[in-house]
There are 2 protein chains.
Amino acid sequence: MKLDIIQKLKEHDLKVTPQRLTILDTLNRYGHASIDEIYKEVKKVHLSISLATVYKNITSLLQVKLIKELALNEAKSKYEIIKEPHSHLICKKCGSIEDINLSEQIEQNASKLASAKEFAAEETELNIYGLCKNCKQNN
Amino acid sequence: MKLDIIQKLKEHDLKVTPQRLTILDTLNRYGHASIDEIYKEVKKVHLSISLATVYKNITSLLQVKLIKELALNEAKSKYEIIKEPHSHLICKKCGSIEDINLSEQIEQNASKLASAKEFAAEETELNIYGLCKNCKQNN
DNA sequence: TAATTATTTGATAACTATTATCAACATGCT
DNA sequence: AGCATGTTGATAATAGTTATCAAATAATTA
């Protein structure tokens, strides 16, 4: 089930610890989670986990590109497991984040714009801020 | 020249102080700047400006929407004066940021995707991470 | 499976970043 | 000029992140 993850950890000399797996599992279940959210959630399983352990793991998981940061305007960064490229619908009110498929058009268009400036694009990030379905109604 | 800015400040009961104008001027010249960069720069003019003053100004300028935050992955946020919508080419090596025009196509496409999810899009943000012309060469 | 090595964990100290407080001061208005 | 209100600068208080290090654990080897 998570053989690919374990393999990637081993490739980079990262050990497969229960804490690390629980962090990854939390990210999987949450989709996107902040340091605090991860910490609170992982503590349910590992009562004595240290906040520092969460930070250290996030750093190493970023380095080996198992996860990526999602830096947000006026809010704390969230982290997500790397999968296919996608965009984000970010609710300004409740903070919820929904993934949507990045149409290829957009990505192609973006890298075209970039190469016109002789910029070597590696990653395209499209974030849409606004109000989610729910918050739009209860306004 | 900056009548529109002064007007907007007054509309929101923000006073036109020299420090505040210098911060705006710095953002204008830099294009994008972090808190630290603004602080260092403004200090050249106002020797005794406090870091707290910079923070407070950034907060109030954000509130009245004269500037916006640019939250970056693995780097400190930068701030920019709000003008026409545009995208960013962000160099992972030197940290430089270049504005590019967001083709209308992309924006339209994005809000189409959003409304399909019943999401009320307010702002679309397209960031392209990679290597700038310069860093690409000296690699 | 015991021994060995390298990494990780947890606790906490150290450091960095941000916000709050408040008296003195500056701005905008009349 | 005089008043009301917002701002500044200094600094204390918080919050967020990173560094340190001994004890514990995972992975490897014998």
B:Q7 CD - C:dG28 P separation (whole Å): 14 Å
For atom CG of A:L21 and atom P of D:dA26, their distance in whole Å: 10 Å
Sugar-phosphate, base or nothing in reach of A:K56, heavy atoms under 4.0 Å: base
Any donor-acceptor N or O pair under 3.5 Å, side chains A:E107, A:T124: no
d(OH, B:Y55; P, D:dT14) in whole Å: 18 Å
Separation of atom CD1 in A:I6 from atom C1' in D:dA26, rounded to whole Å: 13 Å
Same apolar cluster: A:I97 and A:L126, side chain cutoff 4.5 Å: no
Touch class at under 4.0 angstrom, heavy-atom based, for B:T17 against every strand present: sugar-phosphate
Sidechain-backbone polar pair: B:N28 side chain, B:L24 backbone, donor-acceptor under 3.5 Å: no
Separation of D:dT8 P from B:N57 CG (nearest whole Å): 5 Å
Given C:dT27, C:dA11, C:dT18, the nucleotide with the shortest approach to the side chain of B:P18: C:dT27
Under 3.5 Å: donor-acceptor pair, side chain of A:E80, backbone of A:L70: no
Among C:dA17, D:dT17, C:dA20, the nucleotide that comes nearest once only the side chain of B:K76 is considered: C:dA17
Polar side-chain atom of A:E125 near backbone of B:Y129 as donor-acceptor pair, under 3.5 Å: no
Any donor-acceptor pair under 3.5 Å from B:K136 side chain to A:E118 backbone: yes
Phosphate OP1/OP2 of C:dG10 contacted by A:Q19 side-chain N/O (<4.0 Å): yes
Among C:dG10, D:dG9, C:dT18, the nucleotide that comes nearest once only the side chain of A:S50 is considered: C:dG10
Sugar-phosphate only, base, or nothing, as touched by A:I35 at under 4.0 Å among non-hydrogen atoms: nothing
Sugar-phosphate only, base, or nothing, as touched by A:S48 at under 4.0 Å among non-hydrogen atoms: sugar-phosphate
Nearest-Å distance for atom pair NE2/C1', residues B:H46 and D:dT8: 11 Å
Among C:dT12, C:dT27, D:dG16, the nucleotide that comes nearest once only the side chain of B:K15 is considered: C:dT27
Residue closer to the 5' end of DNA chain C, A:D13 versus B:T59 (nearest nucleotide): A:D13
Distance, rounded to the nearest Å, where B:L51 contributes CG and D:dT7 contributes P: 18 Å
B:H86 side chain vs B:E84 backbone, donor-acceptor pair below 3.5 Å: yes
Neighbours of DNA chain D within residues 36-44 of chain A, by heavy-atom distance under 4.0 Å: none
Separation of atom CG in B:L61 from atom C1' in D:dT7, rounded to whole Å: 13 Å
Test log, rule side chain to side chain contact (heavy atoms under 4.5 Å, CB included), inputs B:T17 and B:T22: CA-CA 9 Å; B:T17 69; B:T22 306; over 6 Å; no
